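This report refers to the structure that appears directly beneath it.
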Amino acid sequence: MFDKSTWIRLPRNVVVGKGVRSQFLEVVDDLHLRGRPLFVTSPTPRSIAAEPIAADLEAAGIEPAVVTVERASFEAVEEVIETAEAEEAAYLVGIGGGKAIDIAKMASHHLEMGFCSVPTAASHDGIVSNRGSVPDGDTRHSVAAEPPLAVVADTELLADAPWELTTAGCADIISNYTAVMDWRLAHRLKNVEYSGFAGALAEMTAEILVDNADHVRPGLEESAWIVTKALVSSGVAMSIAGSSRPASGAEHLFSHQLDRLAPDAALHGHQVGVGSIMTAYLHDGERGLWQDIRDALDSIDAPTTAAELGIDDETVIEALTTCHAIRDRYTILGDGMNEEAAREVATTTGVIS
Ligand SMILES: NC(=O)C1=CN([C@@H]2O[C@H](COP(=O)(O)OP(=O)(O)OC[C@H]3O[C@@H](n4cnc5c(N)ncnc54)[C@H](O)[C@@H]3O)[C@@H](O)[C@H]2O)C=CC1
Ligand SMILES: O=C(CO)COP(=O)(O)O
Ligand SMILES: [Zn+2]
């Protein structure tokens with residue numbers, strides 16, 4: 001008997017393009033979101049995006065509350081929840097990089113309240129996803145959360161963001177190659193449920209980005225457009241899958257472990273990119289996929305070595321040999337890699353010297 005069912009939660013309005021931050025009010029009106037929003041932001045995004053959008057809303061008689069968060073933590077989520085209650089907010093808006101958006105996402109999930117995403121950096125594929133990633137104890141990976149009702153991604157703002165934030169977003173997308181390989185492996189060996197649609201979408205997203213890598217250059221608004229569209233597509237793949245599997249495999253385990261061992265050393269996307277070079281080698285060293293991933297990262301100025309991440313070689317080895325245990329997610333790392341194997345993969349791929 002066929003008794004499968006699925007529930008795909010996606011944003012309703014995804015608005016991408018030059019100057020679209022000025023359409024924020026129109027977007028929330030279209031969603032029939034009424035009342036006072038709470039903007040969740042961080043220092044730079046506050047001045048470049050939250051304040052101008054707040055001024056537009058004030059001109060229309062709506063006075064948003066604003067909370068500035070500095071770090072992604074459960075204390076910050078608590079603070080946002082308390083502020084939303086105290087200010088009688090009707091919905092939340094995450095304005096900033098991945099951390100501000102994730103905090104708003106997690107708080108809105110708890111409050112059972114609508115949430116909109118206004119990325120100021122094309123740095124990660126959580127701008128659209130139904131996943132939230134806030135460190136909880138030793139946990140760094142994402143959990144199910146509220147997907148945004150709307151995404152307002154202004155390419156003018158995104159193109160002006162520091163270039164390394166954009167290259168981090170590219171690397172987060174390029175890592176889909178190995179994430180999907182890990183997912184298929186887990187399907188074959190562990191009977192993990194696999195979605196061909198979500199897997200194909202995640203892979204195709206990486207392919208389109210790599211094919212357009214020549215147009216991804218600092219200061220070009222077209223770059224912000226290409227990368228943002230890819231981030232949206234990757235987030236949709238996660239929503240179709242109902243998990244982060246299409247965009248997160250062993251390379252993400254490696255990055256999450258680096259976040260524990262060397263907090264704030266490098267951007268999420270850059271860490272997963274370097275992880276992806278090594279896990280591609282483990283999947284199929286002969287085929288040269290790892291070189292293609294390394295070259296694609298290199299061509300957009302993303303780090304390809306531990307030194308470029310600002311992380312020492314021994315931390316890379318420790319992360320590689322321990323990261324399999326941080327989550328119940330079967331990958332090419334299986335039940336763990338010994339130190340000798342870790343040194344071999346990291347040295348052969350040039351990640352450590
Ligand atoms: N929920 C999900 O599905 C996913 C979540 N993530 C999470 O996202 C986070 C990484 O996000 P990132 O954006 O890389 O880091 P981040 O949010 O820490 O941002 C990096 C820095 O850039 C600043 N910034 C943002 N926009 C700027 C602009 N236009 N100009 C100047 N500075 C700007 C931020 O304020 C911050 O200081 C990680 O915590 C990661 O786990 C990553 C992928 C998916
Ligand atoms: O970063 C992500 C996808 O790019 C989310 O994956 P995690 O579930 O591993 O946090
Ligand atoms: Zn990621």
Side-chain angles (χ1 to χ4, degrees), residues 21 40-50 68-73 76 94-106 109 117-136 139-148 153-176 178-180 182-183 202 205-206 224 230-231 234-239 241 243-259 263-264 266-273 275-276 323 326-329 331:
R21 62 186 179 279
V40 180
T41 188
S42 58
T44 307
R46 180 177 181 136
S47 59
I48 60 173
T68 306
V69 291
E70 303 274 350
R71 296 194 63 76
S73 63
I95 305 179
K99 289 179 182 161
I101 290 176
D102 274 341
I103 290 167
K105 209 185 261 185
M106 301 292 276
H109 189 64
S117 161
V118 181
T120 58
S123 50
H124 63 99
D125 55 12
I127 60 176
V128 165
S129 76
N130 59 345
R131 315 283 307 166
S133 178
V134 171
D136 181 17
T139 308
R140 293 288 177 279
H141 57 77
S142 68
V143 295
E146 200 70 18
D154 189 325
T155 48
E156 203 171 29
L157 267 181
L158 300 170
D160 271 354
W163 177 234
E164 67 266 21
L165 291 172
T166 309
T167 65
C170 292
D172 207 15
I173 296 297
I174 290 170
S175 80
N176 287 3
T178 48
V180 176
D182 278 326
W183 193 13
T205 302
L231 296 170
S234 194
V236 168
M238 286 192 260
S239 289
S243 90
S244 58
R245 267 290 192 180
S248 168
E251 73 299 316
H252 272 67
L253 296 178
F254 169 73
S255 167
H256 298 326
Q257 194 68 318
L258 288 182
D259 285 340
D264 298 325
L267 290 166
H268 167 85
H270 290 165
Q271 292 178 172
V272 302
S276 198
C323 67
I326 67 174
R327 157 193 243 179
D328 182 20
R329 175 163 291 190
T331 69

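When reading the values below, keep in mind they use all heavy atoms of this one structure, side chains included, and skip hydrogens, waters and symmetry mates. All values derive from a computational prediction rather than experimental measurement. Numbering of ligands and ligand atoms starts at 1, following listing order.
Interface atoms of ligand 1 facing L267, defined by a heavy-atom separation under 4.0 Å, are 14 (O). Heavy-atom contacts of G126 reach the following atoms of ligand 1: 1 (N), 2 (C), 3 (O), 4 (C), 43 (C), 44 (C) (cutoff under 4.0 Å). Taking every heavy atom of I48 and a limit of under 4.0 angstrom, the matching atoms of ligand 1 come to 28 (C), 29 (N). Within the listing of ligand 1, atoms 28 (C), 29 (N) sit less than 4.0 angstrom from a heavy atom of A161.
For atom 37 (O) of ligand 1, no protein heavy-atom neighbour is present inside the 4.0 Å cut-off. At a distance under 4.0 Å, a protein heavy atom can be found next to atom 7 (C) of ligand 1.
Taking the side chain to side chain donor-acceptor pair (under 3.5 Å) definition, one finds that S142 meets it with R131, sequence neighbours left out. For E146, the salt bridge (charged side-chain N to carboxylate O under 4.0 Å, His left out) partners at least two apart in sequence or on another chain are R9. Among residues two or more places apart in sequence or in another chain, the salt bridge (charged side-chain N to carboxylate O under 4.0 Å, His left out) test is passed with D264 by R71, K99.
Between the side chains of D125 and H268, no donor-acceptor pair is found at a separation under 3.5 Å. When only modelled atom types and interatomic distance are considered, S255 and Q271 share a side-chain donor-acceptor pair under 3.5 Å. Side-chain atoms of S276 and T178 form a donor-acceptor pair, as typed in the model, at a separation below 3.5 Å. When only modelled atom types and interatomic distance are considered, S117 and K105 share no side-chain donor-acceptor pair under 3.5 Å.
Using a distance-only test at 3.5 Å, with no hydrogens or angles considered, a donor-acceptor pair links the side chain of S73 to the main chain of A76. For R329 (side chain) and S248 (main-chain N/O), a donor-acceptor pair under 3.5 Å exists by modelled atom type.
If you check which protein heavy atom lies closest to atom 34 (C) of ligand 1, you get S42 OG, 4.0 Å. Here the heavy atom of the protein found nearest to atom 18 (O) of ligand 1 is K99 CD, 3.3 Å. Nearest protein neighbour of atom 30 (N) of ligand 1, counting heavy atoms only, is P162 CD, 3.4 Å. Among protein heavy atoms, atom 19 (O) of ligand 1 sits closest to G97 CA, 4.2 Å. Given atom 27 (C) of ligand 1, the protein heavy atom at minimum distance is T120 OG1, 3.7 Å. For atom 5 (C) of ligand 1, the nearest non-hydrogen atom of the protein is D102 OD2, 3.1 Å. With respect to atom 21 (C) of ligand 1, the closest heavy atom belonging to the protein is L165 CD2, 4.4 Å. From the protein, the heavy atom lying nearest to atom 13 (O) of ligand 1 is S123 OG, 2.6 Å.
Ligand 1 has no N or O atom lying under 3.5 Å from any N or O atom of S142, backbone or side chain. Taking any N or O of S129, backbone or side chain, at least one lies under 3.5 Å from an N or O belonging to ligand 1. Residue contacts with ligand 1: D125 is placed with no nitrogen or oxygen under 3.5 Å of a nitrogen or oxygen of the ligand (distance criterion only). For a threshold of 3.5 Å applied to N or O pairs, the pair formed by G98 and ligand 1 contains at least one separation below that value.
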Please walk me through it: do R140 and Q257 pass side-chain contact (heavy atoms from CB on, under 4.5 Å)? CA-CA 8 Å; R140 293 288 177 279; Q257 194 68 318; over 6 Å; no
Which is it for H124 and L267 under the side-chain contact (heavy atoms from CB on, under 4.5 Å) test, yes or no, and what are the steps along the way? CA-CA 9 Å; H124 63 99; L267 290 166; over 6 Å; no
Could you walk me through whether H252 and D172 pass the side-chain hydrogen bond (donor to acceptor under 3.5 Å, both in side chains) test, one step at a time? CA-CA 9 Å; H252 272 67; D172 207 15; 3.2 Å; yes
Worked check of side-chain contact (heavy atoms from CB on, under 4.5 Å) between V118 and R21: CA-CA 8 Å; V118 181; R21 62 186 179 279; 5.6 Å; no
Would you please test M238 and V128 for side-chain contact (heavy atoms from CB on, under 4.5 Å) and show each step? CA-CA 9 Å; M238 286 192 260; V128 165; over 6 Å; no
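Protein residues lining ligand 2, listed by chain and number: D125, H141, S142, D172, M238, S244, A247, S248, H252, H256, H268, R327 [non-hydrogen atoms, distance under 4.0 Å].
The side-chain heavy atoms of I95 and T120, taken from C-beta on, include a pair separated by under 4.5 Å. Contact of the R245 side chain with the D182 side chain is registered, since non-hydrogen atoms from C-beta on lie closer than 4.5 Å. Looking at N176 and P246, their side chains never come closer than 4.5 Å, going by heavy atoms from C-beta outward. Looking at E70 and P43, their side chains come closer than 4.5 Å, going by heavy atoms from C-beta outward.
The shortest heavy-atom distance from A72 to ligand 1 is not under 4.0 Å. At least one heavy atom of P45 sits closer than 4.0 Å to an atom of ligand 1.
Angle NE2(H268) to the Zn ion (ligand 3) to OD1(D172): 100° [nearest 10 degrees].
Only the side chain of K105 comes within 4.0 Å of ligand 1, counting heavy atoms alone; its backbone N, CA, C and O stay farther away. With a 4.0 Å cut-off on non-hydrogen atoms, D172 touches ligand 1 through its side chain and not its backbone.
Here H124 fails the criterion, with no N, O or S atom under 2.8 Å of the Zn ion (ligand 3).
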